[in-house]
Number of protein chains: 2
Amino acid sequence: MASSRPKGRKAESGTVSVPTGRRLTAESRERQIVEGAIAYFAEVGLDGHTRELARRLGIAQPLLFRYFPTKASLIERIYEEVYLKRWKLGWEETVRDASLPCLERFRRFEMDYQRTIDDYAWLRIFVSAGLKGFDLPSRYLGMVRERIFAPLLEDMRAESNLPSPQAQPLVADEFELLFGIHGALVYVGLRSRVYGMDGTADRDAVRAAMLDAALPGLLATHRRVVTRARPVNPIGE
Amino acid sequence: MASSRPKGRKAESGTVSVPTGRRLTAESRERQIVEGAIAYFAEVGLDGHTRELARRLGIAQPLLFRYFPTKASLIERIYEEVYLKRWKLGWEETVRDASLPCLERFRRFEMDYQRTIDDYAWLRIFVSAGLKGFDLPSRYLGMVRERIFAPLLEDMRAESNLPSPQAQPLVADEFELLFGIHGALVYVGLRSRVYGMDGTADRDAVRAAMLDAALPGLLATHRRVVTRARPVNPIGE
DNA sequence: CCTCCTCTTGAGCGATCGATCAACAAGGGC
DNA sequence: GCCCTTGTTGATCGATCGCTCAAGAGGAGG
């Protein structure tokens, strides 16, 4: 029971050089820590322990604190690495691409976006941060709302000959229209990555089918939402 | 800084009767603990601490262990209280109600189901349990799949003159059809309860609108999925 | 070979975790 | 009035948390 360490490092006479903890450059060591922290905290949640993280990395626990002054700063770095760094400016370009119909822009954005976030670490750390009350999830979804959905809805208004957002501001129900389809796609990943359901081998194909089913009626529903939201007698029509 | 206790209980000479910790019957004390534990663990996650839970209840921490031998047993009790006990047999009756069209059964089930689970404790503990690797979420969603979606899909097959599940087993894509709409509705609650987004005042109305938008095309999509899933030359048609 | 810089570690600090135990206290039955 | 059952608590245990610090150890430059 006592000598349970798997390999190396003799128990007594502690000054024996370790085989695992090779000497690395500061840069590569920091990268190793960040990658390991992403995988570890994704698995056990942000309440994970620094000692266990160090054990998995094969390094001593104080070494973590040489590269990150606190556990919170390491988690902050994970946010940058997993969420901010994986945000693609191409998404914002896609939804503004005037050469494509709005529905096709939405479809292309969602397929690529979902492929990005249907990731063990992305989804689990996102949810864990939400549970812990961090503002990362709300801020991130605020970006989706303002940088993706808002310009898309603006062009959907134009495509349907509806008043522009300058003339008649976007209403919550319009965003809910897009968040509804969005949520159906996200839920596919959540069931697998967070709830541990084993079904659905090809989630990408499932999402493509969902979009095929939901998109055809979207513009009509959008028109209904906007016209109903504006109880003004239609003069110019 | 030292005498920071809010009320009662003198600091020194510790044997003073406490005003808050009144003597309760075992039954009502246990209920108080369960209710408080649900609220507390929903707020901070299942990694919450027994000392803080006891402090919020105004009782001593060891009292928790008189009613629940371990923290895990208390959490197990929460599962029974929040999930098993709130499962409504009426849901299984609704989706089998032959006097209603399948789409109406689905609509009624989802509206009532979502009203049940769009609850701070329900959603957050569900997600927290999933992150900690407990099998509660997968088992619960398995119940939804087998007891709700499976009988509903069977009758949808009949309503569309498609082969019964006995003749041709239900395929994963059919379940995904229902889980897609289901996920869009769940996501409305998740954004508010877990991700902390403040939007959407009347989530119930938003979900009703989502169903109005998604249900009309559901049967046609279902027919397409089933017929495509069976690459046999149609003879008897 | 020695030196110095820097990556790395063992030991340990104060705080806090889940859980235990003997002692206190509030009523109900006699 | 007393006693005995039972709800309740303070004190405390061993383990583990985030974090600190001084000393060990591996290379590059001289």
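Sequence lines set the chain letters: A, B, ... in the order given, protein chains first and strands last, and positions in each chain run from 1.
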Fit a plane to each ring of A/Trp91 and A/Trp87, take the angle between them on a 0 to 90° scale, and name the class: parallel (under 30°), tilted (30 to 60°) or perpendicular (over 60°).
-> perpendicular

Once the angle between the rings of A/Phe126 and A/Tyr140 is folded into 0 to 90°, is it parallel (under 30°), tilted (30 to 60°) or perpendicular (over 60°)?
-> perpendicular

From A/Arg124, A/Arg191, A/Arg203, residue fulfilling salt bridge (charged side-chain N to carboxylate O under 4.0 Å, His left out) relative to A/Asp118 | A/Arg203

Interatomic distance where CD belongs to A/Glu27 and C1' belongs to C/dC7 [whole Å] | 15 Å

D/dT8 phosphate, OP1 or OP2, under 4.0 Å from B/Arg29 side-chain N/O | yes

Answer yes or no: side-chain N or O of B/Arg66 and base N or O of D/dT8 forming a donor-acceptor pair under 3.5 Å.
-> no

Test B/Glu81 against B/Arg86 for side-chain contact (heavy atoms from CB on, under 4.5 Å), laying out the working first.
-> CA-CA 7 Å; B/Glu81 204 73 21; B/Arg86 296 189 196 175; over 6 Å; no

Is A/Leu24 touching bases, backbone alone, or none of the nucleic acid, heavy atoms closer than 4.0 Å?
-> sugar-phosphate

So do A/Leu178 and A/His182 actually touch side chain to side chain, heavy atoms under 4.5 Å?
-> no

CG of A/Leu53 versus P of D/dT16: gap in Å, rounded?
-> 17 Å

Between CG of A/Leu63 and P of C/dT8 the distance, given in whole Å, is 5 Å

Round to the nearest Å and state the distance from A/Tyr40 atom OH to D/dG18 atom C1'.
-> 13 Å

Protein-proximity profile, nucleotides 16-23 of chain C, B/S/- by nucleotide at the 4.0 Å heavy-atom cutoff, equals -BBBBB--

Which whole-number value in Å describes the distance from A/Tyr67 OH to D/dC19 P?
-> 18 Å

For the pair A/Phe106 and A/Phe109, name the ring-plane relationship: parallel under 30°, tilted 30 to 60°, perpendicular over 60°.
-> parallel

Within 45 degrees of the axis of the six-membered ring of A/Phe175 and under 6.0 Å from its centre: does A/Arg145 put its NZ or CZ there?
-> yes

Atom CZ of A/Arg55 and atom P of D/dC17 are separated, to the nearest Å, by 11 Å

Using whole Å, report how far CD1 of A/Ile75 lies from C1' of D/dC19.
-> 15 Å

Mind calculating the distance between CG (B/Leu57) and C1' (D/dG7) to the nearest angstrom?
-> 15 Å

